[in-house]
Structures are given as structure tokens and as C-alpha cells.
2 protein chains.
Amino acid sequence: MTIRPLTANRLQETSLAQEVQFLLARARAQGNTRANELLAEEGLKVRSFSVLSLACSGMNPTQRELGEFLHLDPSQIVALVDELEKRGLVKREVDPSDRRSKIITATNDGHTLYDRAYALTMAAEDDYLGTLSRRERAQLRAILQKIAF
Amino acid sequence: MTIRPLTANRLQETSLAQEVQFLLARARAQGNTRANELLAEEGLKVRSFSVLSLACSGMNPTQRELGEFLHLDPSQIVALVDELEKRGLVKREVDPSDRRSKIITATNDGHTLYDRAYALTMAAEDDYLGTLSRRERAQLRAILQKIAF
DNA sequence: TATTGTTATACTCTATAACTATA
DNA sequence: TATAGTTATAGAGTATAACAATA
């Protein structure tokens with residue numbers, strides 16, 4: 001992790017630093033960096049973790065649904081699923097109701113690794129939400145859910 | 001703007017969709033897309049707007065400070081400042097107290113354009129925070145500031 | 001020696017179009 | 001004709017290292 005000197009903190013007073021959009025971007029970047037650092041331990045990144053997580057969800061998503069939900073285009077999903085499949089963590093199954101579609105589910109190994117990785121993302125969340133009270137965390141989650149969906 | 005069918009919304013029930021990190025990423029992506037759409041009208045993106053905003057702040061930031069604050073490395077700042085300077089919106093001035101550093105300030109044209117662009121970013125904020133009450137917006141801003149700094 | 005800004009370059013991520021198989 | 005997934009490729013965004021000027 002990069003340790004950056006905080007000599008630019010005086011810019012916190014600027015109007016940019018009051019904008020929700022800017023704050024969201026900064027918060028996300030920090031969380032993403034921290035989560036990637038921790039997930040690296042299991043050979044995952046935030047992206048591949050997201051796919052694995054949905055594969056473990058029991059919702060039997062198709063690749064198209066994964067792309068839609070994660071805001072990634074189909075070719076990116078192909079690459080992510082390829083990688084996870086090569087590692088034996090997920091498998092592709094033809095959707096019987098529409099043989100064009102492929103349903104992505106986790107293998108046993110995938111579930112095992114997911115459990116460990118999930119604990120890591122919770123640790124990452126603790127790291128960068130550590131200064132928030134339980135109540136603030138709940139507020140944040142509720143508000144973000146309104147925005148995101 | 002892409003109109004995406006919402007057939008993957010059933011995935012909102014998954015545990016991934018409850019994670020703050022995931023929600024932050026989604027919220028930011030949506031806000032960023034919307035802001036870029038609106039800023040395009042003035043030939044700006046969120047990135048270049050951020051630099052212009054800090055150049056207009058009266059804080060006389062150096063390029064190094066801009067990079068630090070925006071989490072961009074020096075070479076990216078060079079490119080962004082080059083672009084804005086070419087358009088006559090900002091200028092580089094050698095810092096008399098450290099002649100290695102260059103202070104970035106806005107020109108008159110830069111300030112004029114910034115005022116319009118700022119209004120656009122406020123419109124973008126309204127667009128994607130529209131469902132939130134005043135109180136929720138204030139809570140969100142306060143919480144994000146805790147996380148981001 | 002260390003740092004600021006610059007340049008060049010390589011790497012990753014993202015977006016696009018064309019192809020296949022199915023519908 | 002349209003859609004899901006795949007492939008290839010180009011473009012944008014990001015990271016790295018080396019250099020000149022200054023400290």
C-alpha cells in the first residue's frame with residue numbers, strides 16, 4: 001500500500017471536496033485498493049470476487065445477467081469466468097430453458113474459497129469504515145442502496 | 001446514456017448487493033457516467049473538471065498537490081493540465097518559493113467555464129441523488145467525508 | 001541526494017464489431 | 001431477425017522508469 005504524505009490536505013476546504021460525487025469516488029478508490037490488497041491473498045480481485053460471489057449466491061445467474069448487474073460488457077464477463085473456470089472455482093452450464101445462455105455456478109472449491117474471500121472483504125470493510133459507528137454504517141448502506149438501485 | 005433492461009434485478013437479494021464496497025462502486029459509476037454526459041457539453045470530463053475546480057479554488061495548488069489530492073500520478077496531471085492550458089482555461093506559474101514546482105491557476109476564461117460546469121455537476125448530483133431527502137443527502141456527505149479523509 | 005515536472009513506454013482495462021449457435 | 005456468448009482488436013486509462021531542473 002502506498003503511503004502518501006498528507007501535505008495536500010488543505011485542499012479539503014475546496015468546494016470540490018464537498019461534492020458527493022468526488023467523495024464517492026475517493027471512498028470507492030480507497031475501499032477498492034484495500035479490498036484488492038486483501039483479496040490478492042486468495043488470488044482474487046474485487047472483480048473476480050464479485051463474479052464468484054454471484055456464482056455462490058444460489059441465484060444461478062447467466063453471463064448476461066452478471067454483465068448487466070456488474071455493469072460489465074459480455075466480453076469482460078467471458079474473461080472473468082474463463083479465469084475462475086480455469087481455476088476450478090466455477091462452471092458453465094447450458095440453460096435448459098434457453099440453450100444460448102450459460103448459467104454460472106460455483107464448484108465446491110469455489111464455495112470454500114468464497115467463504116475465505118468473503119471474510120477478507122469484511123475485513124477490508126472494517127478497515128475503511130472503522131471510524132464509523134454501527135448506526136452510521138447502517139445509514140450509509142441504506143442510502144447507497146437507494147442510489148444504486 | 002445506455003438504457004439497460006432490469007431483468008437482473010433479482011440479484012439485488014444477493015449478499016454482494018449488501019456490501020458497502022459494491023454499493024459505493026455502483027453509485028460512483030452511475031454518478032460518474034451522468035456527470036460525464038453533462039460535462040461533455042462544456043468539453044470537460046469529471047477528471048478535467050476536478051483539476052479546473054481546484055485551479056479555481058484560490059488555494060494555488062502545485063501539480064504535485066493536485067496529483068496527491070486526486071490520487072493521480074504526476075504524468076496524468078501533466079496531461080490534464082496540458083489539455084486545460086491549451087484551451088486557455090488554466091496557466092502554469094513557477095512557484096517562487098520552490099522553482100521546481102508549478103502552481104496551477106485558472107484564467108478568466110477558466111473561471112467563466114467553471115461556473116457553468118459547476119452548475120452541470122450540481123444538476124448531475126440532483127439527477128442521481130434525486131430520491132434522497134435533504135437530510136439523507138447531508139448524512140451521506142458527512143459520512144463520506146469521514147471515510148474519504 | 002532528493003524532489004518536481006516531463007517524456008516515453010508498457011500494461012491493464014474498457015469498448016466495439018464481427019462471428020456462432022440458438023431462439 | 002434478434003439475442004447469448006465468444007473472439008479479436010483498438011482505444012482509453014493507468015502505472016513505471018528515466019531524465020532535466022532545482023532543492
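Chain identifiers are assigned alphabetically (A, B, ...) following the order of the sequence lines, protein sequences preceding nucleic acid strands; residue numbering begins at 1 within each chain. Predicted, not measured: the structure shown is a model, and the values here were computed from it. No hydrogens, no waters, no symmetry mates; every other heavy atom, side chains included, goes into these values.
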Linking I/L/V/M/F/W/Y whenever their side-chain heavy atoms sit closer than 4.5 Å, directly or via other members, would B/Met59 and B/Phe149 fall into one cluster?
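B/Met59 and B/Phe149: one cluster.
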
Could you state the atom-to-atom distance from [atom1] of [X] to [atom2] of [N] in whole Å?
X        : N      : atom1 : atom2 : value
A/Leu80  : C/dT12 : CG    : P     : 14 Å
A/Ile77  : D/dT6  : CD1   : P     : 11 Å
B/Arg99  : D/dT22 : CZ    : P     : 5 Å
A/Ile103 : C/dT22 : CD1   : P     : 16 Å
A/Lys102 : C/dA23 : NZ    : P     : 13 Å
A/Leu72  : C/dT16 : CG    : P     : 14 Å
A/Arg64  : C/dA23 : CZ    : P     : 15 Å

Nucleotide of C/dG5, D/dT6, C/dA15 approaching A/Gln76 most closely (side-chain heavy atoms):
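Given the options C/dG5, D/dT6, C/dA15, the side chain of A/Gln76 is closest to C/dA15.
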
Options C/dT6, C/dT14, D/dG13, nucleotide nearest the side-chain atoms of B/Lys45:
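Among the listed nucleotides, the one closest to the side chain of B/Lys45 is D/dG13.
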
Is the base of C/dT3 touched by the side chain of B/Arg100 through a donor-acceptor pair closer than 3.5 angstrom?
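Answer yes: a donor N or O sits under 3.5 Å from an acceptor.
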
Salt-bridged, A/Glu85 to A/Lys91, with N to O below 4.0 Å?
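No salt bridge links A/Glu85 with A/Lys91.
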
Mind checking whether A/Ser53 and A/Tyr118 have side chains closer than 4.5 Å, heavy atoms only?
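Sidechains of A/Tyr118 and A/Ser53: no contact.
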
Within the structure provided, determine whether B/Gln12 and A/Gln145 are in side-chain contact (heavy-atom separation under 4.5 Å).
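SC-SC contact between B/Gln12 and A/Gln145 ruled out.
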
So what does [X] touch, heavy atoms closer than 4.0 Å: a base, only the sugar-phosphate, or nothing?
X       : result
A/Ser75 : base
A/Asp98 : sugar-phosphate
A/Asp73 : base

Closest-nucleotide 5' rank along DNA chain C - winner of A/Pro74 and B/Gln63
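It is B/Gln63, whose closest nucleotide lies nearer the 5' terminus.
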
Check: A/Arg34/B/Gln21 side-chain N/O donor and acceptor closer than 3.5 Å:
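B/Gln21 and A/Arg34 do not have a side-chain donor-acceptor pair below 3.5 Å.
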
